[in-house]
Amino acid sequence: MLRFEGKVALVTGAGRGLGRAHALMLAARGAKVLVNDLGTGGAGEGHDASPAQAVVDEIRAAGGQAQVNGESVVEGGRIVEAALDHFGRLDIVVNNAGFLRDVAFHKMTARDWDTLYEVHLLGAFRIIHAAWPRMREQAYGRIVNTSSAAGIYGNFGQVNYGTFKLALHGMTQPLAVEGKARGIHVNTIAPAADSRLTRTVMTAEQLAPMRPDLVSPLVAWLCHDACPETGGLFEVGGGYIAKLRWERSAGVRLDLAGADAVENIAAAWGQITSFEHSDHPAGFGEAMAPFARIMQGG
C-alpha cells in the first residue's frame, strides 16, 4: 500500500465534498492533515468552522492525526504557518477551495469577478508562495491544483470561474519546471464529482456515480513519493482518469510581408487549422521549435 507516514498535507476547502474526501484519504494512509475550510456557502458567503472540525473529528476517530484551520485561503501565509506550527513541516498542498457565482458575462459585476479571483487564484498563489521556500529547503514537495472543464473547454455563465480555473494550470506548468530540480512536483486535476457546485447544474441522478471519493485516489497518487508526474493536467471522475496535452496543427509558413498578407492567410486557413499532421509539444523548447527554425534560416 502506498502510504504517507511522516508527511504533512494541507488541503483547502476540506470541510465538504472533494476536499473532505482528499483529507480523509491522505489521513487514512498515514499523512498528518491540516483541514482548512472557511465554511462559506455555495456562493462564498458566511463563515462556519463546523464542517472542517467534523472532518478533523472523523480523522481522529479513525486513528489519524489532523488539525482544523478556519482561515480564508487569501491568508495563505497564515495557513501554511499553522501547518508548520502544528506539525513542524509541510510536504503536500492540495488547492481545492472554491465556489461559484454563475452569471452571464454582460450581467457580471466586478464583485462577481473579484471574489472568485481571490479564492481560486490569489489564494492558491499565496499558499504555494508561502510553502515553496520550505519545500525547496527540504528538497521535496507535492502540489495539486484544481482546475475545471469550465476553464479547459468553456461554459456559459462561468467566465469568472473558468478564467481562474484554467489560470491555475497556467501556474502549475512553470512551477513544475522550477520545482523539478528541487524534488517538487506540481500537477493539476479537473474533477467531475458530486458537490455543492455541480448540484447547481446537474441532477442528483446524474451525479450519483460521481462520488468525490473516486477522485481522491488520483490526488493521493500525484502526492506520493513514487509518482514521477509533474506539470500534468488530468480529467478525473467516477473512476475515469485521462491526461490532457496540447495539440498543434502542422501549420504553414506564409509570406506575410506583402500587401496580400491577409488574403494569404485566408487562402491557407484550411491548412492552418487542420490537425491531420499535428504534433504535441511537451515543453517550452518543443513549442518554440518552429520559430527557432525560422530564426536559423530554415
Side-chain angles (χ1 to χ4, degrees), residues 9-26 33-38 40 42 44 52 55 72-74 76 79 92-102 115-129 131 141-153 155 158 160-173 175-176 185-201 207 210-223 227 229-238 240-244:
L10 160 59
V11 183
T12 70
R16 301 180 178 91
L18 285 165
R20 172 182 175 274
H22 302 339
L24 291 175
M25 172 156 284
L26 291 169
V33 184
L34 186 73
V35 178
N36 163 264
D37 202 305
L38 185 60
T40 65
V55 175
S72 167
V73 291
V74 176
I79 297 171
I92 296 165
V93 169
V94 182
N95 283 311
N96 169 77
F99 56 87
L100 290 175
R101 285 201 178 178
D102 288 1
T115 51
L116 263 71
Y117 160 71
E118 289 168 1
V119 171
H120 289 276
L121 190 56
L122 179 62
F125 160 74
R126 287 187 171 170
I127 286 174
I128 295 172
H129 195 248
R142 295 292 185 270
I143 298 169
V144 176
N145 289 323
T146 305
S147 185
S148 168
I152 299 167
Y153 305 110
N155 196 30
Q158 295 189 322
N160 49 2
Y161 180 76
T163 297
F164 306 126
K165 283 304 187 185
L166 188 57
L168 280 167
H169 187 55
M171 187 189 303
T172 288
Q173 293 173 102
L175 281 175
H185 293 184
V186 191
N187 290 285
T188 306
I189 62 167
D194 183 7
S195 71
R196 291 185 301 168
L197 276 61
T198 52
R199 287 173 200 163
T200 64
V201 293
L207 293 169
M210 310 301 287
R211 301 196 319 265
D213 61 288
L214 299 179
V215 171
S216 300
L218 174 61
V219 172
W221 167 240
L222 293 173
C223 291
C227 181
E229 188 74 34
T230 191
L233 171 60
F234 299 87
E235 291 182 306
V236 53
Y240 171 82
I241 303 171
K243 183 176 182 179
L244 279 72

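Each residue takes its place number in the sequence, starting with 1.
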Nearest 0.5 Å please: distance from the [atom1] atom of [X] over to the [atom2] atom of [Y].
X: Leu122; Y: Phe164; atom1: CG; atom2: CZ; value: 10.0 Å
X: Gln173; Y: Leu233; atom1: CD; atom2: CG; value: 8.0 Å
X: Cys227; Y: Leu218; atom1: SG; atom2: CG; value: 8.0 Å
X: Arg20; Y: Leu24; atom1: CZ; atom2: CG; value: 5.0 Å
X: Glu235; Y: Ile189; atom1: CD; atom2: CD1; value: 11.5 Å
X: Phe125; Y: Asn145; atom1: CZ; atom2: CG; value: 12.5 Å

Looking only at atom types and distance, does a side-chain atom of [X] sit under 3.5 Å from a main-chain N or O of [Y], one as donor and one as acceptor?
X: Asn160; Y: Arg101; answer: yes
X: Arg126; Y: Val74; answer: yes
X: Asn187; Y: Glu229; answer: yes
X: Asn36; Y: Val11; answer: no
X: His169; Y: Ser147; answer: no
X: Asn96; Y: Gly13; answer: yes
X: Thr230; Y: Val186; answer: yes

Side chains of Thr172 and Thr188, donor plus acceptor under 3.5 Å: yes

Is any side-chain heavy atom of [X] closer than 4.5 Å to a side-chain heavy atom of [Y]?
X: Thr146; Y: Lys165; result: yes
X: Val144; Y: His22; result: no
X: Asn95; Y: Leu168; result: no

Mind listing the closest non-hydrogen atom pair of [X] and [Y] along with its distance?
X: Asp37; Y: Gly15; result: OD2-N, 2.7 Å
X: Gly151; Y: Leu166; result: O-CD2, 3.4 Å
X: Ala150; Y: Gln158; result: CB-OE1, 3.0 Å
X: Ala14; Y: Ala23; result: CB-CB, 4.3 Å
X: Ala131; Y: Val93; result: CB-CG2, 4.2 Å
X: Leu18; Y: Ala193; result: CD2-CB, 3.7 Å

Tyr161 and His120 aromatic ring geometry - parallel, tilted or perpendicular at 30°/60° bounds: perpendicular

